[in-house]
Amino acid sequence: MSDNQLSTFVTQCKEAYDLNDPIVSDDMYDHIILPEVKKRLPTHPIFNMVETLSGNVSYGDLITHNTPMLSTDKHYTQDDVTGYVTRVLASATTLGIDHNTIVFSITPKLDGIAANYFNNMIVKRGNGLRGEDITKSIERGIVCHGGANTGPGELVVPLDYFDENLKSHFDMPRGFIAGLIESDTLSQHGKQALQDKAVHFVPFTTLSEKLCHHTELTNHVEEFCKAIENDCIYLTDGCVISVVDKSIRDDMGSNTTFKRWQVAKKVKGQTASVEVESVTLQIGRTGVITPVLNYQTTYLSNANLANATAHHMGNLRDLNVGIGATITVIRSGEVIPTLVAVEKTGEDCIIPTHCPCCNAPAQWETPPLNAKTSWKPKFMYCTGNECSDQLKAQLYYFFHTLGNANGFGYVVISKLVEYGIKDIASIYRLSHAQFTEAGISNKTAKNLFDQLERSRTEAVEDWRWLASFGIHHLGRGDARKILRHYSVGELNTVTSEKILVIDGFGEITSNSIGQAFQNRWLEISGLLSVGFNLTSELPVATDSPITGKNIVFTGSMASNRGEMQERARQLGANVQSTVNKKTNLLVIGDKVGQKKILKATELGTKVLTEEEYLSVIA
């Protein structure tokens, strides 16, 4: 079996197992196939597939979290952390809080499997809103620190136990934990670890912490984090830094991805000097051609790796990276390392003239209207309308982002594209028989068919559904903003001009998204007709007393400030974080600094107490 055949086969094994239709025995997979892949293909993505929504789950096993489990924004340097502290201090100033009273908490960032313990269930993080029910882990003997229903935390194993009992069989503790909770049957190593009480669920609230002042944090973060990590008995992936004051947390809030009042301080990553042996070109969902540099397998950041991304074709061109070049690569937690610098040039880099997949002309990005004479393009695109690699990336992105249909990995997607699938809606209309005609086993076809039924009938946010199309410039946050003003069914009428007047959109993004709605409306409406169970936020009012007004909320409120801000948005207001000349209303609670009120008065901003504001919108 060639390396390519082995790569395809092990991915098929993984995807079939995830759909509860294994094509090989667990023993053969664990002790024959995986060791051979590790030996011949040490950088294969299979070794990073440990945090998916799959894993022998059946219809209905996804649970909605009691509160969203957001990601943590990553920071790598002292300057990054200093910038975070500056943002916190700005919020404190807005609230009239003395900077000398602000306290930060530093806790270890555990490198395990994230989960949430609530309502007597343990649920994996999943997409942050819903995840797999893995409560069976409790029944198997996982030790739950702090008791029941302790909220978000990590499933981990003590590092000394792993080193002594498991290291010769597993690369990392995280991989062992992933296999333990995803398998229906336990391996001997798993049984022994559970018997030894070595598998733990550790809530974040039970972690040891260091409290410090902002001046300490801006000068000694590396020292503090190192000490916290060294004292932790579990494998860590940096530290988590949070401001303690709840009013500041409320004021800074969060976006759809992470909390703004909390960051993860991570190590920048290890670097290595390698020689480029070849260059592979990959085609993304938007047609961007990305160069990947291939080199001899090198051990880097706890993994054997053999390729690195060069970011974009412009970077490859500017650095003139070709075969034989000696380059520096770094891995900072990503699956694939990145190019840092060129130490010695080799052959001249080759800029493609055509797409390596469909042979359509390759084209550099168009310069912006206000481009300077020194402007140089960064991105190169495939101009083809029927590029199968681009289509595969789009379909994979949809299912990965939507997050409620398991099994649609690259192998399955590739088979469906080869079968003749041209868009997402066509997949949802496939019969069980058509899945098998595409070369998918009978049982896997049934599971995929059932997953699509679940995907259509299970409630999903309309903004997540829209963001899953992968429209350029339209992420989850911006999709959410647009759908506060227009329904999914109205998107064909949403022009660039209508998007531009929504707060947070500029001319470039408005033009791009508006044009995409027109160009892709048949695709969007076609998928909409499949019958998704979309949930929407309350529509934004157009005739409320605060519609179109810019509002700042400050001070300690009797009501929940986050809820007040969200309600104001639903009433058509634009919620700001600080008072400026555009602010129409300043709503104050207790403990508000006089400087802020004075500034508002000087700018002509109307100041209302919480009670007065509530009477206005009543």
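When reading the values below, keep in mind they use all heavy atoms of this one structure, side chains included, and skip hydrogens, waters and symmetry mates. Remember, predicted model here, so these are calculated numbers, not experimental data.
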**OP:** Might you work through the side-chain contact (heavy atoms from CB on, under 4.5 Å) test for S242 and R249, ending with a clear yes or no?
**Re:** CA-CA 9 Å; S242 312; R249 292 185 177 190; 3.9 Å; yes
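- No donor-acceptor pair under 3.5 Å is formed between the side chain of T509 and the backbone N or O of H473.
- Rounding to the nearest 0.5 angstrom, the gap separating the CZ atom in F118 from the CG atom in N149 is 9.0 Å.
- T297 approaches A306 most closely through the heavy-atom pair OG1-CB, 3.9 Å.
- Sorted pairs that involve residues 235-266 and meet ring-ring contact (aromatic ring centres under 6.0 Å, His included), not counting sequence neighbours, are lacking altogether.
- Between V240 and L207 the shortest side-chain heavy-atom distance does not fall below 4.5 Å.
- The environment of CD in E507 is sparse: at most 12 heavy-atom neighbours from other residues, nucleotides or ligands sit within 6.0 Å.
- Enclosure of atom CD in E222 by more than 12 non-hydrogen atoms of other residues, nucleotides or ligands within 6.0 angstrom is indicated.
- Using a 4.5 Å cut-off on side-chain heavy atoms (C-beta onward), P337 and Y295 make contact.
- Residues H99 and L89 share a closest heavy-atom pair of NE2-O, 3.3 Å.
- Relative orientation of the H189 and H169 rings is tilted, given thresholds of 30° and 60° on the angle between their planes.
- With a 6.0 Å radius and a threshold of 12 heavy atoms from other residues, nucleotides or ligands, I508 has its CD1 atom at or below the threshold.
- Among pairs with a residue in residues 231-254, those fulfilling ring-ring contact (aromatic ring centres under 6.0 Å, His included) read H200-Y234, at least two apart in sequence or across chains.
- Within the 4.5 Å cutoff, side-chain heavy atoms of I102 are placed close to those of I248.
- Taken from CG in L129 to CZ in R464, the straight-line distance is 4.5 Å, to the nearest 0.5 Å.
- Of all the heavy atoms in A568 and V575, the pair that sits closest is CB-CG2, 4.0 Å.
- Between atom SG of residue C225 and atom NZ of residue K266 there is a gap of 12.5 Å, rounded to the nearest 0.5 Å.
- Proximity of F201 to S137: side-chain heavy atoms (C-beta onward) are nowhere separated by under 4.5 Å.
- Shown here are the side chain to side chain donor-acceptor pair (under 3.5 Å) partners of T328, two or more places apart in sequence or in another chain: E343.
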**OP:** Quick one: do V279 and C349 satisfy side-chain contact (heavy atoms from CB on, under 4.5 Å)? Show the steps, please.
**Re:** CA-CA 9 Å; V279 180; C349 74; over 6 Å; no
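- For the pair D111 and T236, the minimum side-chain heavy-atom distance is 4.5 Å or more.
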**OP:** Could you walk me through whether I513 and F505 pass the side-chain contact (heavy atoms from CB on, under 4.5 Å) test, one step at a time?
**Re:** CA-CA 10 Å; I513 296 169; F505 289 94; 3.8 Å; yes
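- Between the side chain of Q282 and the backbone N or O of V292 there is no donor-acceptor pair closer than 3.5 Å.
- A salt bridge links E461 to R130: at least one charged side-chain nitrogen sits closer than 4.0 Å to a carboxylate oxygen.
- In this structure, N119 contributes its side chain and M121 its backbone to no donor-acceptor pair below 3.5 Å.
- Checking side-chain atoms of K549 against main-chain N and O of L585 turns up no donor-acceptor pair under 3.5 Å.
- When every heavy atom of T309 is checked against every heavy atom of H311, the shortest pair comes out as OG1-N, 3.0 Å.
- In this structure a side-chain-to-backbone donor-acceptor pair under 3.5 Å is missing from N116 to H65.
- At a threshold of 4.5 Å between non-hydrogen side-chain atoms, the residues I113 and I181 count as touching.
- Contact record, A600 with V579: CA-CG1, 4.2 Å, taken as the closest heavy-atom pair.
- No more than 12 heavy atoms of other residues, nucleotides or ligands lie within 6.0 Å of NE2 in H400, so this atom counts as exposed by the packing criterion.
- Of all heavy-atom pairs spanning I122 and I138, the tightest one is CD1-CG1, 3.6 Å.
- In this structure, the separation between CG on L211 and NE2 on H213 is 12.5 Å, given to the nearest 0.5 Å.
- Distance alone, capped at 3.5 Å, is enough to place a donor-acceptor pair between the R317 side chain and the P377 backbone.
- In this structure, the side chains of V288 and H312 stay at 4.5 Å or more apart for every pair of heavy atoms.
- The side-chain contact (heavy atoms from CB on, under 4.5 Å) test with V329 is passed by exactly one of V276, V274, T298, T271: V274.
- Looking at R260 and D73, their side chains never come closer than 4.5 Å, going by heavy atoms from C-beta outward.
- Defined by atom type and a distance below 3.5 Å, a donor-acceptor pair is missing between the side-chain atoms of D250 and S247.
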Subject >> Steps toward side-chain contact (heavy atoms from CB on, under 4.5 Å) verdict (L194, L180) >> reply: CA-CA 10 Å; L194 290 168; L180 181 75; 4.1 Å; yes
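- Under a 3.5 Å cut-off, the side chain of Q78 and the backbone N or O of L217 do form a donor-acceptor pair.
- A salt bridge between E275 and K344 is absent, with no side-chain N of the basic residue lying under 4.0 Å from a carboxylate O of the acidic one.
- Here I241 contributes atom CD1 and Y84 contributes atom OH; the two are 7.0 Å apart, rounded to the nearest 0.5 Å.
- The NZ atom of K210 sits 11.5 Å away from the SG atom of C239 when rounded to the nearest 0.5 Å.
- Side chain of N584 to backbone of N550: a donor-acceptor contact under 3.5 angstrom is found.
- A donor-acceptor pair under 3.5 Å is absent between the side-chain atoms of E132 and the main chain of G126, judged by distance alone.
- Counted by atom type alone, R125 and S71 present one or more donor-acceptor pairs between their side chains at under 3.5 Å.
- No side-chain donor-acceptor contact under 3.5 Å links T605 to the backbone of T601.
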